[in-house]
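Remarks on the structure that follows.
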Amino acid sequence: MKLKSLPRIELAQLPTPLQELSRLGQLLGGPKLLVKRDDQTGLALGGNKTRKLEFLIADALKKGADTVITAGAPQSNHCRQTAAAAAQVGMGCELVLGGNEPEVPNGNVLLDLFCGANLHWTTRERRNAKMEEVARQLRSLKHNPYIIPVGGSNGLGALGYVQAMIELNDQLSKGRVKVDTIVFATSSGGTQAGMVVGARISGFKGKILGISIDQRSSQEPSYQSELAAIANEAAKLIDSRYEFTEDDFTVNYDYLGLGYGVVGNLERESIRLTACTEGLLLDPVYSGRAMGGLIDLIKKGFFSLKDTVLYWHTGGAPALFAYARELTEIRH
Ligand SMILES: *Cc1c(COP(=O)(O)O)cnc(C)c1O
């Protein structure tokens, strides 16, 4: 397999821990619960994007880039980890943030600034156009920019999660543990695409269930077909003979609430419950929503009591502070 020979730089502390959530599992009275701690990848408070950036930043360096450009929501964890990775390798970082600039830089925005990133504020719709604009400007000043797509979700970024599945499979076989289903937050798709390719390569037989954070079941082209496209791009990069279609991806769209980044009772309650039973911190946008979905599925009897479910923690806790008001509001 060609994965080992592709350029990759070390940004994450791997392997991330695999732990049991015994108190939360007992309280819910459902399947056995495990957690894979990708909130602990270690780069500037960690998260799932660090694994993707090991391949993306290596590619940028190989291409002689001196600046990386990427985009996201104001509280993007991807942007924060990209800014930190760029700082670590001595590159410039330009972040295009779609949304309103906060009065006081908070949460991830504060950390972006600490890591030396330049911030460009625009609307969600104009993010890609703005990245191109910033790139053109840099080229005219004789810089060599490298654009990383939103969420780092292309085939190359997804390789971080191909690698992660190989890592998980090693941990499971060493611990003689069998996982029936992996549950996690899915949004720009690189994580899920990489996991599915990695499962095929490493022989992981369990189910991989993404809880959609903002993608809708009604959209065209379907989110699953986007996942298949990223997976096929990743497979090609490592000369894998596997091909993927939308049927290879399982996504639950039931927990979208009032939209991306809008905190509801689902997130408030899952964050509190996970923190007060396990001392484990989730985030209001991604991991809290995915855990809320998992808890609801357990309550509905979706899993067998004999199952082992692995919750893949993708990080995001730095955003908690930017959502302090919404998280402590009186509940309706
Ligand atoms: C980006 C992100 C996700 C979603 O991962 P994708 O690869 O974009 O699908 C989940 N959780 C957190 C905390 C994230 O920052």
Side-chain angles (χ1 to χ4, degrees), residues 12 16 35-41 43-56 70-85 95 97 107-108 111-112 127 148-165 182-198 208-215 223-224 226-231 233-234 249-253 255-256 260-261 263 267 270-271 274 280-294 311-320 322-323:
T16 57
V35 62
K36 175 77 170 149
R37 298 291 305 273
D38 275 13
D39 58 318
Q40 298 290 315
T41 52
L43 176 68
L45 303 181
N48 64 338
K49 305 309 182 303
T50 305
R51 291 186 186 269
K52 303 178 183 183
L53 288 163
E54 291 200 333
F55 289 94
L56 293 164
T70 198
Q75 283 302 322
S76 166
N77 302 296
H78 164 67
C79 287
R80 181 236 321 149
Q81 287 160 87
T82 302
L95 298 177
L97 302 177
N108 282 303
L111 306 183
D112 296 343
R127 290 185 306 196
I148 295 176
V150 171
S153 286
N154 55 18
L156 193 60
L159 293 180
Y161 273 85
V162 174
Q163 185 69 44
M165 280 305 290
I182 297 175
V183 176
F184 59 99
T186 189
S187 172
S188 67
T191 302
Q192 186 160 6
M195 278 183 192
V196 167
V197 177
I208 294 178
L209 170 61
I211 305 288
S212 175
I213 298 308
D214 56 341
Q215 309 287 336
Y223 182 50
Q224 282 111 310
E226 283 175 30
L227 290 170
I230 302 170
E233 198 189 318
F249 298 88
T250 310
V251 180
N252 178 307
Y253 299 96
Y255 302 102
L256 297 169
Y260 178 85
V263 173
E267 294 81 21
S270 74
I271 290 170
T274 309
L280 181 69
L281 300 175
L282 304 174
D283 84 279
V285 181
Y286 298 95
S287 54
R289 181 165 287 183
M291 179 61 91
L294 171 58
Y311 174 77
W312 203 308
H313 191 338
T314 47
L320 280 171
Y323 280 85

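Counting starts at 1 for both ligands and their atoms, in listed order.
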Q: Only counting residues at least two apart or in another chain, list the ones meeting side-chain contact (heavy atoms from CB on, under 4.5 Å) with A231.
A: A193, V197, F244, F249
**Q.** Test salt bridge (charged side-chain N to carboxylate O under 4.0 Å, His left out) applied to D39 - qualifying residues, sequence neighbours left out
**A.** R37
Q. Mind checking what residues have non-hydrogen atoms under 4.0 angstrom from ligand 1?
A. N48, K49, K52, N77, S153, A185, T186, S187, S188, G189, G190, T191, D283, Y286, T314, G315, G316
Q: Evaluate side-chain hydrogen bond (donor to acceptor under 3.5 Å, both in side chains) for T16 paired with Q40, printing each intermediate quantity in order.
A: CA-CA 6 Å; T16 57; Q40 298 290 315; over 6 Å; no
Q: Tell me whether the guanidinium CZ or amine NZ of K49 lies under 6.0 angstrom from the six-membered ring centre of F55 and within 45° of its axis.
A: no
Q | Sequence-distant partners of Q224, side chain to side chain donor-acceptor pair (under 3.5 Å), two or more places apart | A | Y253
Q: Indicate yes or no: at least one non-hydrogen side-chain atom of F184 is less than 4.5 angstrom from one of Y161.
A: no
